[in-house]
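Proteins get letters first, then strands, A, B, ... in listed order; numbering begins at 1 in each.
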2 protein chains.
Amino acid sequence: MRGDCCDMRGMLSFLVLFLLSKKPMNGSEIAREIERRKGAKPSPGTIYPALKGLREMGFVKEKKSGKTVTYSLTSKGKDALRLAKQRFCATFTDVLGNGK
Amino acid sequence: MRGDCCDMRGMLSFLVLFLLSKKPMNGSEIAREIERRKGAKPSPGTIYPALKGLREMGFVKEKKSGKTVTYSLTSKGKDALRLAKQRFCATFTDVLGNGK
DNA sequence: TTTAATATATCGTACATCCGATATGTTGGG
DNA sequence: CCCAACATATCGGATGTACGATATATTAAA
C-alpha cells in the first residue's frame, strides 16, 4: 500500500488491508488466514512490520485488550483499499479469469 | 517467481511470465502492456532486471533480431506459471470476485 | 507458583521491485 | 553520413517483503 500508485511492492499490505475489511482481526489471526490461503504462514517478522506500516499511514486503527491487539480499517484505509482494488483488478483480471 | 513457495515478492516476474504465456514479446512491448493494465509504465531499470532473472532461472528464452529481443516461455517456465497461478488464485480469489 | 502457550514486537540479513540516470547498438529519416 | 528514435542494458539508492532469532507481556495449565 506504500505503492499507492503503480508498483508491485505492497502486495502484502494490500492483502492485509483486504482481509481486515472483511473482519477486524489481531496479528496472529491475520497470519493464520494468510496461511489458509497460501499454505504458508508469514512469520512475526513479516506480519507486524506490515501492520505497523499500515498504522503509520493511518489505514488501520488498534484496540488493545489483554495481550491481543485487534486491528480494523479507518475510513482512510477503506478509501485506500477501494483504489488499490481497482488497480489490482485492472492488472490481474484475466489471470484469475481463464481458470487454469 | 523467485518466491516459488510462499511470499509476495516476485509479483512482477509472475505478471511478466503470465503476459509472455499469452504472446511472445520484447521488453518494450511488455512494459507497454503493463502500462495499459496499471496506468503506469515500468522503467527499463525495472523490466530488464526482471527479464534477466526469468532467463537465469530458465523460465524464458530469447530470440534476437536486430535491435529487439523477443522473449517466450520455456516448458520449465510454463510449469512454473501453472503452479504460481494456482497459488495466486487461492490467495486472491475473493479480492477480484466481489466486484468492487 | 512455575511452566507452557500465545500474542506482540524488533533486529539483522537477503532479495524483489522501483525509479532516474546513463550507456550501447540498431534503424530509419534527413 | 549524421542524427533522432527506439530497444536493450546496467548502476545506485530507496522501499517492501521475508525469515529466523530474540525479547517481552499476558494467559492458561500444571
Side-chain angles (χ1 to χ4, degrees), chain A residues 1-19 24-35 37-57 59-71 80 84 87-88 91, chain B residues 1-17 19 24-35 37-57 59-71 80 84 87-88 91-92:
Chain A
M1 294 309 316
R2 254 42 175 175
D4 216 16
C5 54
C6 55
D7 60 39
M8 293 294 189
R9 297 176 297 188
M11 290 296 291
L12 174 65
S13 300
F14 168 66
L15 180 56
V16 169
L17 212 54
F18 172 74
L19 295 176
M25 285 184 278
N26 61 46
S28 294
E29 288 172 331
I30 295 169
R32 278 194 294 269
E33 175 60 21
I34 293 177
E35 181 184 27
R37 290 167 172 256
K38 292 204 308 210
K41 187 186 206 163
S43 36
T46 299
I47 205 70
Y48 291 105
L51 286 166
K52 184 181 180 185
L54 290 172
R55 182 186 55 211
E56 286 170 355
M57 285 186 293
F59 291 168
V60 304
K61 54 179 185 291
E62 311 179 344
K63 191 162 182 301
K64 182 160 189 178
S65 168
K67 70 180 165 181
T68 71
V69 179
T70 302
Y71 296 87
R87 282 199 313 278
F88 180 85
T91 304
Chain B
M1 293 307 317
R2 255 37 178 180
D4 215 17
C5 55
C6 56
D7 60 42
M8 293 294 189
R9 297 177 298 190
M11 290 297 290
L12 173 65
S13 300
F14 168 65
L15 180 57
V16 169
L17 212 54
L19 295 176
M25 284 184 280
N26 61 45
S28 295
E29 289 173 331
I30 295 170
R32 279 195 293 270
E33 174 62 21
I34 293 177
E35 181 184 27
R37 289 166 172 257
K38 292 204 308 210
K41 187 185 204 162
S43 36
T46 300
I47 204 71
Y48 290 105
L51 285 167
K52 184 181 179 187
L54 290 172
R55 183 187 53 211
E56 285 171 355
M57 285 186 293
F59 290 168
V60 304
K61 54 180 183 289
E62 310 179 346
K63 190 161 183 299
K64 183 159 190 178
S65 167
K67 69 179 166 182
T68 70
V69 180
T70 302
Y71 296 88
R87 283 200 311 278
F88 180 86
T91 304
F92 292 109

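- B/Ile47 places its CD1 atom 10 Å from the P atom of C/dC19, with the value rounded to the nearest Å.
- Of the possible donor and acceptor atoms, none in the side chain of B/Thr46 sits under 3.5 Å from a partner among the backbone N and O of B/Pro42.
- Between B/Phe14 atom CZ and D/dT17 atom C1' the separation is 17 Å, expressed in whole Å.
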Collect all protein-nucleotide pairs involving nucleotides 1-9 of chain D in which both atoms are nitrogen or oxygen and the distance is under 3.5 Å.
from	atom 1	to	atom 2	distance (Å)
D/dA7	O5'	B/Ser28	OG	3.4
D/dT8	OP1	B/Val69	N	2.8
D/dT8	OP1	B/Val69	O	3.2
D/dT8	OP2	B/Gly27	N	3.0
D/dT8	OP2	B/Ser28	N	2.9
D/dT8	OP2	B/Ser28	OG	3.4
D/dT8	OP2	B/Tyr48	OH	2.7
D/dT8	O5'	B/Tyr48	OH	3.3
D/dA9	OP2	B/Tyr71	OH	2.8

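- Closest approach to the A/Ser43 side chain among D/dT17, C/dT17, D/dG20 is made by D/dG20 (side chain taken as heavy atoms from C-beta onward).
- C/dA7 atom C1' lies 16 Å from atom CD of A/Glu35, rounded to whole Å.
- If A/Lys64 and A/Ala50 are placed on DNA chain D by their nearest nucleotide, the residue sitting closer to the 5' end is A/Ala50.
- Judged purely by atom type and a 3.5 angstrom limit, A/Glu29 uses its side chain to pair as donor or acceptor with the backbone of A/Asn26.
- One finds no side-chain N or O of B/Thr46 lying less than 4.0 angstrom from the OP1 or OP2 phosphate oxygen of C/dT17.
- Looking at B/Leu51 and B/Ile30, their side chains come closer than 4.5 Å, going by heavy atoms from C-beta outward.
- One interatomic measurement links the two molecules: CG of B/Leu54 to C1' of C/dT17, which rounds to 13 Å at whole-angstrom precision.
- Taking only distance into account, the side chain of A/Arg9 meets the base of D/dT15 through a donor-acceptor pair shorter than 3.5 Å.
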Starting from the C-alpha separation in whole Å, work towards a yes-or-no answer on side chain to side chain contact (heavy atoms under 4.5 Å, CB included) for B/Leu19 and B/Met25. CA-CA 8 Å; B/Leu19 295 176; B/Met25 284 184 280; 3.8 Å; yes
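- Per the geometry, NZ belonging to A/Lys38 stands 10 Å off P belonging to D/dT17, to the nearest Å.
- Ring pair B/Phe92/A/Phe88: centre-to-centre distance below 6.0 Å.
- Of all non-hydrogen atoms in B/Ile47 and B/Gly27, the two that sit nearest each other are CG1-O, 4.3 Å.
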